[in-house]
Amino acid sequence: PESPPPPYSRLSPNDEQKPLDLSDSTLSYTETEATNSPNVTPGEFSDASTSPDAVKRSHWCNVAYWEHRTRVGRLYTVYEQSVSIFYDLPQGNGFCLGQLNLENRSETVRRTRSKIGYGILLSKEPDGVWAYNRSEHPIFVNSPTLDIPNCRTLIVRKVMPGYSIKVFDYEKSCLLQHTADLDYTDGPYDPKSVRISFAKGWGPCYSRQFITSCPCWLEILLSNHR
């Protein structure tokens, strides 16, 4: 009965990942549009989480940005149904990672940050949370609802540029029995969190076994309510 949200395409290579339709007005972007926007000036971005209207609503997730084992900047609270997380392309509402300063960044981190570009779009839909890869490089995703039940191997999904994936499934989350202490976790385990790495993968198929070995990654902390 429900129609697919605008970013979805009717053609999909498989059930998990769908190509991103860049023709949708909410996804298209040019630097000219951003520069001419009355709410955005070059080098700045507006913060939807601090607007008076947003404060009245309840948030559905917080986003933390990490470089290896170091969290950089504050938690970004998301109230809108979707949020852009990007590097240095101001486009209105969103989380601009390029403005987060950290002293003595390694060359590996600097190279990876330069690959974030348009980054990702996180969208809260009735069936769960979707991530759309808007960058020119793959992203890598792990979440409790992407794991195979009763599997002791970490499952990390690779999402190519222009494709999307349901990073968190509400129905599966309610059915899954989560273990508090898993062998492959690195740090505290949150059954309602999603981890996304830019450009670099981790897990059994990579030299980086833990996400804290990845140069640039996000932790999406979902709230308890849908």
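Below, all heavy atoms of this structure are taken into account, side chains as well, without hydrogens, waters or symmetry copies.
By the 30° and 60° cut-offs, the orientation of the rings of Trp217 relative to Trp66 is parallel. Note: Tyr170 and Phe168 have perpendicular aromatic rings, judged against thresholds of 30 and 60 degrees for the angle between ring planes.
Note that the CE atom of Met160 and the OG atom of Ser135 stand 9.5 Å from one another [nearest 0.5 Å]. For the atom pair CD1 (Ile139) and CZ (Arg157), the distance works out to 13.5 Å, reported to the nearest 0.5 Å. The structure places CZ of Phe198 at 5.0 Å from CD1 of Ile116, a figure rounded to the nearest 0.5 Å. With values rounded to the nearest 0.5 angstrom, Arg69 atom CZ is found 12.0 Å from Ile211 atom CD1. Rounding to the nearest 0.5 Å gives a distance of 9.5 Å between CD1 of Ile220 and CG of Asn62. Note that OG of Ser82 and CG of Leu122 are 9.0 Å apart. Values are rounded to the nearest 0.5 Å.
Counting heavy atoms from C-beta on, the side chains of Gln209 and Trp202 never come closer than 4.5 Å. At least one side-chain heavy atom of Ile85 sits less than 4.5 Å from a side-chain heavy atom of Val63. Side-chain contact between Val194 and Val141 is present, with heavy atoms from C-beta onward closer than 4.5 Å. Arg208 is listed as a side-chain neighbour of Lys200, based on a closest heavy-atom distance under 4.5 Å.
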(request) Please assess Tyr206 against Phe140 for the test ring pair (Phe, Tyr, Trp, His ring centres under 6.0 Å), listing each intermediate value before the final yes or no. (result) CA-CA 12 Å; Tyr206 299 88; Phe140 298 83; 5.6 Å; yes
(message) Is there a side-chain contact (heavy atoms from CB on, under 4.5 Å) between Leu222 and Trp60? Walk through the geometry before answering.
(response) CA-CA 6 Å; Leu222 302 172; Trp60 62 273; 4.0 Å; yes
(request) List the steps and the verdict of side-chain contact (heavy atoms from CB on, under 4.5 Å) for His68 and Thr212. (result) CA-CA 5 Å; His68 293 298; Thr212 48; 5.9 Å; no
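Atom CD of Gln81 sits in a crowded spot, with more than 12 heavy atoms from other residues, nucleotides or ligands closer than 6.0 Å.
Annotation for Ser164 and Val159: closest pair N-CG1, 4.2 Å, computed over non-hydrogen atoms. When all heavy atoms are compared, the tightest approach of Arg134 to Leu121 is CD-CB, 4.0 Å. Here the closest heavy-atom approach between residue Val109 and residue Cys216 is recorded as O-SG, 3.9 Å.
Salt-bridge check for Arg105 with Glu67: passed, with a basic side-chain N closer than 4.0 Å to an acidic carboxylate O.
Between Phe95 and Tyr65, the ring centre distance reaches or exceeds 6.0 Å.
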